[in-house]
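From a predicted model like this one, the values you see are computed outputs, not experimental measurements.
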Amino acid sequence: MKLYMRQTPLSDRLARERCARKASALFRQTAPCEEVSIDLSTNSYLSLHDNTHVHAAAHKLIDGQLSGNLASRIISTGTALYARLESALAQWKQTETALVFNSGYAANVGMIQALANRSTDIFCDRLNHASIYDGIRLCGARLHRYRHCDVNDLRKRVQTSSSPEKIIVTDSVFSMDGDCAPLADICDVARAHDALVMVDEAHATGIFGMRHSGWVEACGVEEAIDIRMGTLSKAVAGLGGFFSGSFLLRDHFVNHARSLIYSTALPHSVLAFDLAAIDYIRSHVGIQAKLLAKAQHFRQLLTDAGFDTLNSTTQIIPCLIGDDARTLHLSRHLRKHGIKAPAVRPPTVPKGTSRLRFSIHANVDEEHLRRVVSILKSEIAGQSPKCSR
Ligand SMILES: Cc1ncc(COP(=O)(O)O)c(C=O)c1O
């Protein structure tokens, strides 16, 4: 027997909102399970999700124990794999310690909620990830959004703050634009005004720096960053989010971060995969340089074809279309040719900046990328004026 939702004033509102969304080009659906020949939607930048060496090493680590950790980390017996993973992360990031959360989303929300209160001023890049904004909402801190990557705007706003407690928070690689935060300049502002700095390295971990620990390392500002947040769900291709930094902050999060305290810990299989993938990344040099060169080549192909890739310099390459419906049309058109590239539309990106978001990864080759640009070019050329860029 199927159970339907009862009709109430609330369900009526939901139905109206659904109808309005469906009429626009903004309706979201979970992606179906389908075979694609070229997948440019994945954040598994190093393609470690199907790397046989990582799989074998993870199997060895779990020794047959797939699940486990069936309560919160505060309640249940700890597993040796958590300690090993946190120690590997602290070593990689060269920080005192680390703390693993269940996801990057949980890490951002939990850490910000635990750190700030109504009298804290938080300065946040306009294009920071939604999880950062959600954490700020949860703690009730005063939010100051500064223009994207604009240090002068940030400085002006910090200068006018009278709160003794200030936090500057930024993504290091921006997830929808593929550009990088000016971390050295941000750290100068923080130093001058006694602000704490938090950097979200979700898309930089495993890619940038000599040790590939992230953009913080590449910029040489490790000592000026108080909170280095990262995810294990992108280049590491596993699951989990993490903090790396001081013992003081780790203890604070263990005691106050609600997303850590009130949620069941990760299973062994996941921790083992994370550990095996980090080990693989740390022992294989050169894969990142190849990835970034391939991304640069693709950016050039798009630019030569007349597309705008914004200020992307990384493995994330937006292709700005502008109009929501046109973006959706192009994404569907690519899909018909076996190519997966998501149409990213508001509210994920600002109005009028809908785009195709391409993620370059180890498993795509230059032939694939040339094919994508050629299909896009011919579709644009064949469209009616309304459907062209
Ligand atoms: C910049 C940024 N931070 C945090 C997250 C959340 O990470 P996770 O997917 O591990 O929850 C994402 C995920 O898309 C992200 O792009």
Side-chain angles (χ1 to χ4, degrees), residues 42-46 48-49 69 72-74 78-79 81-93 95 97-116 124 128-139 167 169-175 197-208 212-217 225-246 249-278 281 316:
T42 171
N43 291 324
S44 174
Y45 303 121
L46 302 175
L48 297 189
H49 61 285
N69 301 317
S72 148
R73 294 192 66 190
I74 312 296
T79 158
L81 288 181
Y82 258 121
R84 283 178 68 175
L85 180 56
E86 287 175 351
S87 153
L89 285 167
Q91 247 189 34
W92 193 19
K93 299 274 174 174
T95 52
T97 186
L99 178 67
V100 172
F101 290 72
N102 286 357
S103 68
Y105 185 92
N108 272 338
V109 168
M111 287 193 283
I112 295 173
Q113 161 268 313
L115 277 177
C124 187
N128 277 346
H129 191 257
S131 52
I132 293 175
Y133 281 102
D134 291 354
I136 297 172
R137 264 195 215 130
L138 203 57
C139 67
I167 302 173
V169 56
T170 182
D171 288 6
S172 60
V173 170
F174 288 86
S175 55
V197 186
M198 170 169 173
V199 176
D200 177 336
E201 293 258 66
H203 298 276
T205 297
I207 308 294
F208 293 98
H212 308 115
S213 77
W215 185 238
V216 169
E217 183 208 332
I225 309 293
D226 305 279
I227 297 175
R228 293 172 69 182
M229 174 272 173
T231 69
L232 298 159
S233 61
K234 315 266 184 235
V236 176
L239 181 68
F242 64 90
F243 153 78
S244 52
S246 67
L249 283 172
R250 187 184 192 280
D251 280 348
H252 185 79
F253 296 143
V254 170
N255 281 274
H256 298 281
R258 296 168 67 86
S259 63
L260 181 91
I261 299 167
Y262 298 110
S263 190
T264 298
L266 294 169
H268 290 147
S269 47
V270 164
L271 299 170
F273 189 95
D274 291 342
L275 253 172
I278 290 173
I281 294 173
I316 299 171

So if I apply the side chain to side chain contact (heavy atoms under 4.5 Å, CB included) rule between Leu85 and each of Asp274, Leu266, Val270, Thr79, which one comes out positive?
Asp274
Identified side-chain hydrogen bond (donor to acceptor under 3.5 Å, both in side chains) partner of Thr205 from the options Glu217, Lys93, Arg228, Lys234:
Lys93
Counterpart residues, ring-ring contact (aromatic ring centres under 6.0 Å, His included), relative to Phe101 (two or more places apart)
none
Nearest heavy atoms of Val109 and Asp134, plus distance in Å
CG2-CB, 4.0 Å
Has the side chain of Glu201 got a donor or acceptor atom that lies under 3.5 Å from a matching backbone atom of Trp215?
yes
Smallest separation among heavy atoms of Leu48 and Phe273, with atom names
O-CZ, 3.5 Å
Does the Arg84 side chain pair with the main chain of Leu271, one donor and one acceptor, at a distance under 3.5 Å?
no
Tell me if a side-chain donor or acceptor on Thr95 pairs with a main-chain N or O of Thr97 at a distance below 3.5 Å.
yes
Nearest 0.5 Å please: distance from the SG atom of Cys139 over to the CG atom of Leu115.
8.5 Å
Ignoring hydrogens and geometry, is there a side-chain-to-backbone donor-acceptor pair from Asn128 to Val169 under 3.5 Å?
yes
Locate the shortest heavy-atom distance separating Asn108 from Ser131; write the atom from each residue and the value.
ND2-OG, 3.0 Å
Under a 3.5 Å distance rule, please check whether His268 uses its side chain to pair with a backbone N or O of Leu81 as donor and acceptor.
no
